Amino acid sequence: MELHIKSKFDCVYQINGDFFERADSLAFSEFDVLYVTVLPIRHTLLPYTVKLEGARNTKAELYNGIRLDKNNYLLTLEPRHMTVYGFSRQETAVQPSPVMRLFSLIKNGDVFSAYAMLSESLKETVDKRALVAFFEGYDRIEECFWKTEPLFYLIDTNEVAHLNKYTLDGGLIDNIEEIDSSV
């Protein structure tokens, strides 16, 4: 099984005593217990440790771990700030992919802008209602940043991940299809 760690800030990791500069894809057994210590690079952020017990889903304020399928586990990390109250400086924004933007627009109710992101050939087969219906029942989306293909997981309300792929045509989304929905 592969562990993929996605952090929204610059950091290094100590996993069961070993240091890692990147943790895009680390091999582990689905029965292993892992201690992932997050060591931020910025002095204004605090380190913390996450305990992963096998490949079970786990969630807290600073992290979210989910088994995506039988071979992949994703751990998403949030920054831990020194102050509990007050304003924190925003991290450098990463430009979201077209499918991430599409999902965000649909979830925020901006169907018109979302529909404008589709290619003309896809618009011929999908209307606005079908586009909204495709994303119903999903709470979030996670890209497969460890792959070169344009793959992503749609995660439903039961924390089940569904693998999908998309294609682009001239910067517009030309197709989205589910590849595998089994865990």
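The chain is numbered in sequence order, starting from 1. Treat the numbers as computed from the prediction; the structure is a model and nothing was measured.
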Going by chain and number, the hydrophobic cluster around Tyr35 (ILVMFWY, side chain to side chain under 4.5 Å) further includes Val33
Distance, nearest 0.5 Å, that separates CG of Asp18 from CZ of Phe20 | 5.0 Å
Kindly state each residue pair satisfying side chain to side chain donor-acceptor pair (under 3.5 Å) with at least one member in residues 125-134, sequence neighbours excluded.
-> none
Partners passing side chain to side chain donor-acceptor pair (under 3.5 Å) against Asn72 (at least two apart in sequence or in another chain) | His4, Asp69
Applying side-chain contact (heavy atoms from CB on, under 4.5 Å), run through Leu68 and Tyr73 and close with a yes or a no.
-> CA-CA 5 Å; Leu68 298 170; Tyr73 187 91; over 6 Å; no
Value rounded to 0.5 Å, distance of CG in Leu3 from CE in Met1 = 9.5 Å
From Tyr13 OH over to Leu75 CG, what is the distance, rounded to the nearest 0.5 angstrom?
-> 8.5 Å
Which salt bridge (charged side-chain N to carboxylate O under 4.0 Å, His left out) pairs, counting each pair once, include a residue from residues 140-161, with sequence neighbours left out?
-> Lys6-Glu142, Arg140-Glu142, Arg140-Glu159
Hits for side chain to side chain donor-acceptor pair (under 3.5 Å) against Ser121, two or more places apart or cross-chain, chain-then-number order -> Ser119, Asp174
Which pairs, with at least one residue in residues 110-122 and sequence neighbours excluded, count as a salt bridge (charged side-chain N to carboxylate O under 4.0 Å, His left out)?
-> Glu120-Lys123
Hydrophobic cluster of Ile176, others only, ordered by chain and residue number, side-chain cut-off 4.5 Å | Val99, Met100, Leu102, Phe103, Leu105, Ile106, Val111, Tyr115, Met117, Leu118, Leu122, Val126, Leu131, Val132, Phe134, Phe135, Tyr138, Ile141, Phe152, Leu154, Tyr166, Leu168, Ile173
What's the spacing between Ser25 OG and Phe145 CZ if we round to 0.5 Å?
-> 8.5 Å
Evaluate the side-chain contact (heavy atoms from CB on, under 4.5 Å) criterion for residues Thr76 and Ile66: first the C-alpha distance (whole Å), next the side-chain angles of each, then the deciding distance (0.1 Å), finally the verdict.
-> CA-CA 9 Å; Thr76 305; Ile66 184 169; over 6 Å; no
Just jot down the side-chain contact (heavy atoms from CB on, under 4.5 Å) partners of Thr148, sequence neighbours excluded, or say none.
-> none
Grab the two heavy atoms, one from Leu62 and one from Pro79, that are nearest each other, plus how far apart they are.
-> CD2-O, 3.5 Å
Pairing residues for Phe19 by the side-chain contact (heavy atoms from CB on, under 4.5 Å) criterion, not counting sequence neighbours = Gln14, Leu39
Step-by-step side-chain contact (heavy atoms from CB on, under 4.5 Å) determination, Asn64 to Leu74 | CA-CA 8 Å; Asn64 189 342; Leu74 176 64; over 6 Å; no
Going from CZ on Arg42 to SG on Cys11, what distance comes out if it is rounded to the nearest 0.5 angstrom?
-> 12.0 Å
Which residues share a side chain to side chain donor-acceptor pair (under 3.5 Å) with Asn71, sequence neighbours left out = none
Going by the salt bridge (charged side-chain N to carboxylate O under 4.0 Å, His left out) test, which pairs reach into residues 49-60, not counting sequence neighbours?
-> Glu53-Arg56
Who passes side chain to side chain donor-acceptor pair (under 3.5 Å) against Glu30, sequence neighbours left out?
-> Arg67
Hey, does the side chain of Asn164 reach the backbone of His162 with a donor-acceptor pair shorter than 3.5 angstrom?
-> yes
